[in-house]
Amino acid sequence: MHERFRLKPESEAMLTLDFLRFLAAVGVVVEHYWQALRGHEGLPGGAHLDFLSLCVDVFFIISGFVIGSIYDGRVDTRRGYFGFIRKRLARLAPLHWATLAFFAAIGAALLLFGRTSNFPDIYDWHCFMPEALFAHAFNVCTNSSFNAPSWSISAEMALYLIFPALLLLARRQPSLLIAISFVTLAIMYRGAGGLYGDEHDGWTNWTVDFGAVRGLAGFAFGLALYAYRDRLCRFRGALPLLVLAVSGFIAMGLAQIPPMALAPLAYAIAFFAIVTDLSGASAPFRRLAPLGQLTYSIYMLHVPLRFLLVVLVGERLLNLHGATYAWWSVFTALAVIPASWVSLIVFERPSRRWMSGAQPKTLSAESSPVEALPQLSVGEQRTA
């Protein structure tokens with residue numbers, strides 16, 4: 001296969017994080033598709049999978065660690081800082097704007113032909129400009145409009161803007177970053193009614209309202225882990241604990257333990273994954289780690305793809321229901337992965353190079369960060 005079309009890790013140091021990012025992106029897809037599938041005509045209700053929303057918090061933690069690892073020492077000057085923002089914008093903006101334009105075009109067509117949507121909140125035009133400007137995680141929108149998962153991209157961009165200040169804390173007093181993370185979490189739990197508060201109003205559902213606050217808690221924790229990397233790299237046996245944490249998270253989530261009660265376990269998953277890579281443990285996920293490059297694409301494309309294949313084709317055109325509708329949804333979910341690969345190769349990489357001013361030869365393993373989105377970034381990819 002031509003080098004251009006291959007997926008491969010650009011760093012041997014973060015293979016566990018790469019694979020975890022991919023798993024977290026899949027978790028977000030499963031949650032959203034299952035949520036739409038539950039109770040559909042001819043289908044049983046089934047269990048809630050709301051606990052998978054915590055995959056986004058795993059993205060934030062990984063992002064804090066990786067951004068710290070790559071950009072420490074590179075944002076100390078005005079030129080370095082603005083170069084950093086340009087690269088981050090080049091990484092996130094093209095696909096974000098493309099998916100926003102997709103849903104905006106659908107909404108405009110509905111208005112033009114005098115049609116109404118079954119989900120009018122998706123086309124809230126008051127949120128169009130805030131979303132285009134990455135400002136829709138600050139309680140300026142009343143609904144998760146257009147491409148709903150993109151709220152975390154807004155939170156991530158806000159964290160990039162204050163990154164130099166957080167990095168200064170990481171260098172001088174990293175314990176303050178731990179304090180910021182834990183105090184923010186405490187405020188979030190307090191505002192959401194405690195550890196076992198109402199799962200529908202819990203902070204694990206905060207998106208366009210207080211999503212930026214939620215992002216700060218995870219990002220600060222991840223950056224603190226970077227600051228303590230010299231101590232954490234001495235820890236051995238993190239990989240079995242990571243497997244145990246992931247297994248427990250899934251088992252307790254399926255047992256319908258409230259998502260907010262599982263949040264500490266989600267943080268533990270990110271912690272053990274980071275420590276596994278820091279300790280230099282052999283990564284059993286080496287062959288699957290390159291899939292981490294698809295994280296951001298999966299995160300941003302799974303909702304538009306579901307709209308095209310499930311809503312327009314499955315529901316409107318083919319009038320599917322029952323088991324046939326369920327299997328069509330499963331097919332669409334699986335199709336997200338190859339669609340994300342095409343998006344990465346054909347659209348995202350060229351767009352990043354153009355916006356960042358980078359040349360293809362500069363996209364080397366030595367100069368390119370292994371980033372997380374949140375997700376997901378929600379689901380970050382590498383870019384020079």
Side-chain angles (χ1 to χ4, degrees), residues 25-46 49-50 52-53 93-128 131-132 136 141-153 207-208 294-348 351 375-376 378-379:
V26 170
V28 172
V29 174
V30 170
E31 183 209 1
H32 289 164
Y33 276 54
W34 180 252
Q35 185 180 29
L37 200 59
R38 287 181 67 254
H40 194 271
E41 182 182 357
L43 294 172
L49 298 182
D50 294 349
L52 291 175
S53 63
L95 193 56
H96 168 58
W97 286 336
T99 57
L100 173 61
F102 170 81
F103 280 107
I106 300 296
L110 290 172
L111 288 176
L112 182 63
F113 293 102
R115 305 290 296 273
T116 58
S117 169
N118 293 332
F119 306 98
D121 290 346
I122 294 178
Y123 308 107
D124 183 356
W125 292 100
H126 293 94
C127 196
F128 179 81
E131 188 161 337
H136 54 300
C141 297
T142 56
N143 306 296
S144 296
S145 300
F146 302 102
N147 193 18
S150 68
W151 69 269
S152 63
I153 309 307
T207 56
V208 296
L294 300 178
T295 302
Y296 184 59
S297 311
I298 291 172
Y299 185 76
M300 294 297 288
L301 289 177
H302 73 278
V303 173
L305 197 64
R306 184 187 178 277
F307 180 84
L308 282 174
L309 295 184
V310 177
V311 176
L312 292 184
V313 176
E315 295 181 12
R316 303 292 175 84
L317 184 61
L318 301 178
N319 194 28
L320 301 179
H321 60 276
T324 306
Y325 177 83
W327 281 111
W328 183 249
S329 296
V330 170
F331 165 78
T332 302
L334 294 174
V336 172
I337 295 177
S340 298
W341 176 77
V342 172
S343 171
L344 176 68
I345 302 300
V346 175
F347 174 68
E348 294 173 65
S351 298
Q375 308 196 155
L376 353 219
V378 61

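Scope of the values below: all heavy atoms of this structure, side chains included, with no hydrogens, waters or symmetry mates.
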Side chains of Ser343 and Ser297, donor plus acceptor under 3.5 Å: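 No donor-acceptor contact under 3.5 Å links the two side chains.
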
Do [X] and [Y] have side chains that get closer than 4.5 Å, going by heavy atoms?
| X | Y | answer |
| --- | --- | --- |
| Phe307 | Ile122 | no |
| Asn147 | Pro304 | yes |
| His96 | Tyr296 | yes |
| Val313 | Leu318 | yes |
| Phe102 | Leu308 | yes |
| Phe103 | Val303 | yes |
| Leu100 | Phe128 | yes |
| Glu348 | Pro94 | no |

Just to verify, what does Val342 make a side chain to side chain contact (heavy atoms under 4.5 Å, CB included) with, not counting sequence neighbours? Val346

Checking side chain to side chain contact (heavy atoms under 4.5 Å, CB included) for the pair Leu301/Leu95: CA distance, chi angles, key distance, verdict? CA-CA 8 Å; Leu301 289 177; Leu95 193 56; 3.9 Å; yes

Would you call the rings of His32 and His302 parallel, tilted or perpendicular, where under 30° means parallel and over 60° means perpendicular? parallel

Looking only at the aromatic ring of each residue, does the gap between the centers of Phe146 and Trp125 stay below 6.0 angstrom?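 That pair passes the under 6.0 Å test.
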
Go through it in stages, so that I can follow the logic: the residues are Trp328 and Tyr325, the test is ring pair (Phe, Tyr, Trp, His ring centres under 6.0 Å), and I'd like the CA-CA distance, side-chain angles, deciding distance and then a yes or no. CA-CA 5 Å; Trp328 183 249; Tyr325 177 83; 9.5 Å; no

Nearest 0.5 Å, please: how far is [atom2] in [Y] from [atom1] in [X]?
| X | Y | atom1 | atom2 | answer |
| --- | --- | --- | --- | --- |
| Leu344 | Ile298 | CG | CD1 | 10.0 Å |
| Thr142 | His136 | OG1 | NE2 | 13.0 Å |
| Leu49 | Tyr33 | CG | OH | 15.0 Å |

Where do [X] and [Y] come nearest, in terms of heavy atoms and distance?
| X | Y | answer |
| --- | --- | --- |
| Asn143 | Cys127 | O-SG, 4.4 Å |
| Ser329 | Val310 | OG-CG1, 3.9 Å |
| Ala25 | Thr295 | CB-CG2, 3.9 Å |
| Met300 | Ile153 | SD-CG1, 3.9 Å |

Can you list everything that forms a side-chain hydrogen bond (donor to acceptor under 3.5 Å, both in side chains) with Ser53? Sequence neighbours excluded, please. none

Could you give me the CA-CA distance, side-chain angles and deciding distance for Ser145 and Glu131, then say whether side chain to side chain donor-acceptor pair (under 3.5 Å) is met? CA-CA 9 Å; Ser145 300; Glu131 188 161 337; 5.8 Å; no

Is a donor on one side and an acceptor on the other found under 3.5 Å between the side chain of Trp97 and the backbone of Ala132? yes

Can you name the residues that form a ring-ring contact (aromatic ring centres under 6.0 Å, His included) with Phe347, not counting sequence neighbours?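 With neighbours one apart ignored, the set is empty.
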
